[in-house]
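Structure first, commentary second.
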Protein chains: 2
Amino acid sequence: MSESTRLRNLIEDEVGSCCDADVEARLDRLSELVTHVPSDYDADLAAMKALGNDTRYQVVRLLTAADELCVCEITPLVDVSESAVSHALSDLTDAGLVTRRKEGTWRYYQSTALAERLVSALDAERGDDE
Amino acid sequence: MSESTRLRNLIEDEVGSCCDADVEARLDRLSELVTHVPSDYDADLAAMKALGNDTRYQVVRLLTAADELCVCEITPLVDVSESAVSHALSDLTDAGLVTRRKEGTWRYYQSTALAERLVSALDAERGDDE
DNA sequence: CATTCATATGAACAGCTGTTCAATCATTCA
DNA sequence: TGAATGATTGAACAGCTGTTCATATGAATG
């Protein structure tokens, strides 16, 4: 079965009848929707992937709670190796969720505005439904 | 090297000197940060994982742009099989990003408030940096 | 009640991810 | 300059993910 046949059936069910023009009109409305998908959403996807991991999520939470943290302050707070924390911070930096500041041999990390907006969006959920 | 040794070195570098009490105080501040990580963030993680996939991201974008869409309207707009769309919608429902409404054999989907907040958080990024 | 249609589900499998270990880099300081 | 320290990187590999194909479900209809 073709997609437009299914669409025609849908319109018939919804409206009671369906001519070719109705199918055309619906297809137009649908293709207009596609324009609302950003043309380049790689960065969005990268940010979501980055936050969708236990370690990286925890690190972002810690950094949004603190002004700034040194790697050696983050490491004892999460239950993975120092190397895993470093990988996590590197991934988060690439995803635009944290920024890095060097000071001697120490590296300080901060969360970005994007990270903070996302965390807020998640937190607004609690105690609110729909 | 122990973690608290590294922390002591950090404080010495920052402040110029460091006694046991300083290390204690810093450890207290750090453990306070952990309380800002939600005790149960599985739902957050699920939402991020769900949005961190090409197909599911596109579907959420389409649903936030439209009031409501039938499966047969979504399928022609994304470049995967009908089955993949169904899996995507199922995953998104589990993640709390979309809701489902039955009407005869048709299934209509809508984005949730959480999905809309997350999309807004991503969109605010464009044209704004830090 | 058999059929058709819209959608969902399960199995399977290629490809991706996240962790650790080992090695390396970069900075400081004796 | 070379040893020490903080952090990063790369390889490796177990485990997870996302897609498709085949099949099932459930509602409508003849």
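Numbers restart at 1 for each chain; the letters A, B, ... are given by sequence-line order, proteins then strands. Note that the structure is predicted; figures quoted are calculated from it, not measured.
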Show your working on side chain to side chain contact (heavy atoms under 4.5 Å, CB included) between B/R26 and B/L10 and close with a plain yes or no. CA-CA 10 Å; B/R26 180 64 65 99; B/L10 176 69; 3.7 Å; yes

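Listed candidates were D/dT20, C/dT20, D/dA7. Nearest to the side chain of A/W106 is D/dA7. The listed nucleotides are C/dT19, D/dT8, C/dT9; the one nearest the side chain of A/V71 is D/dT8.
Note on B/N9: a side-chain N or O is less than 4.0 Å away from OP1 or OP2 of D/dG6. Checking the phosphate oxygens (OP1, OP2) of C/dA8, a side-chain nitrogen or oxygen of B/Y109 falls inside 4.0 Å. Within the 4.0 Å cut-off from OP1 or OP2 of C/dT9, not a single side-chain nitrogen or oxygen of B/S83 is found. Using a 4.0 Å cut-off, some side-chain N or O of A/R56 falls inside it from OP1 or OP2 of C/dG18. Neither OP1 nor OP2 of C/dA8 sits under 4.0 Å from any side-chain N or O of B/S90.
B/R101 has its CZ atom 16 Å from the C1' atom of D/dA27, to the nearest Å. Put simply, CD on B/E14 is 16 Å from C1' on D/dT5, counting in whole angstrom units. In this structure, B/M48 atom CE and C/dG18 atom P are separated by 15 Å, rounded to whole Å. Atom CG in A/L45 sits about 10 Å away from atom P in C/dT17, given to the nearest Å. In this structure, A/D79 places its CG atom 13 Å from C1' of C/dT20, rounding to the nearest Å. Between the P atom of C/dT19 and the CG atom of A/L89 lies a distance of 12 Å, rounded to the nearest Å. When rounded to the nearest whole Å, the span between CG of A/L92 and C1' of C/dG18 equals 13 Å. Nucleotide C/dA8 holds its P atom 9 Å from the CD atom of B/E82, rounded to whole Å.
Across all strands, B/N53 comes closer than 4.0 Å only to sugar-phosphate atoms, never to a base (heavy-atom distances). Contacts of A/D91 with the nucleic acid, taken as non-hydrogen atoms under 4.0 Å apart, are absent.
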Going 5' to 3' along nucleotides 23-30 of chain C, which nucleotides have protein heavy atoms under 4.0 Å from the base (write B), which only from the sugar-phosphate (write S), and which from neither (write -)? ----BS--

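Between B/R61 and B/R56, every side-chain heavy-atom pair lies at or beyond the 4.5 Å cut-off.
A salt bridge between A/E103 and A/R101 is present, with a side-chain N of the basic residue lying under 4.0 Å from a carboxylate O of the acidic one. Between A/D20 and A/R8 there is a salt bridge, since a side-chain N of the basic residue sits under 4.0 Å from a carboxylate O of the acidic one. Ionic pairing of A/R6 and B/E82 is present here: one or more N-O contacts between side-chain nitrogen and carboxylate oxygen are shorter than 4.0 angstrom.
Nearest-nucleotide mapping onto DNA chain C: of A/V85 and A/K49, the residue sitting toward the 5' end is A/K49.
Under the stacking definition used here (centres under 5.5 Å, planes under 30°), the residue B/H87 fails to qualify as stacked on the base of D/dT19.
The one candidate from A/V98, A/L69, A/V60 that meets the side chain to side chain contact (heavy atoms under 4.5 Å, CB included) condition with A/Y109 is A/V98.
The two atoms that bring B/L51 and B/Y57 nearest to each other are O-CB, 3.7 Å, heavy atoms only.
The environment of A/D67 atom CG is sparse: at most 12 non-hydrogen atoms of other residues, nucleotides or ligands sit within 6.0 angstrom.
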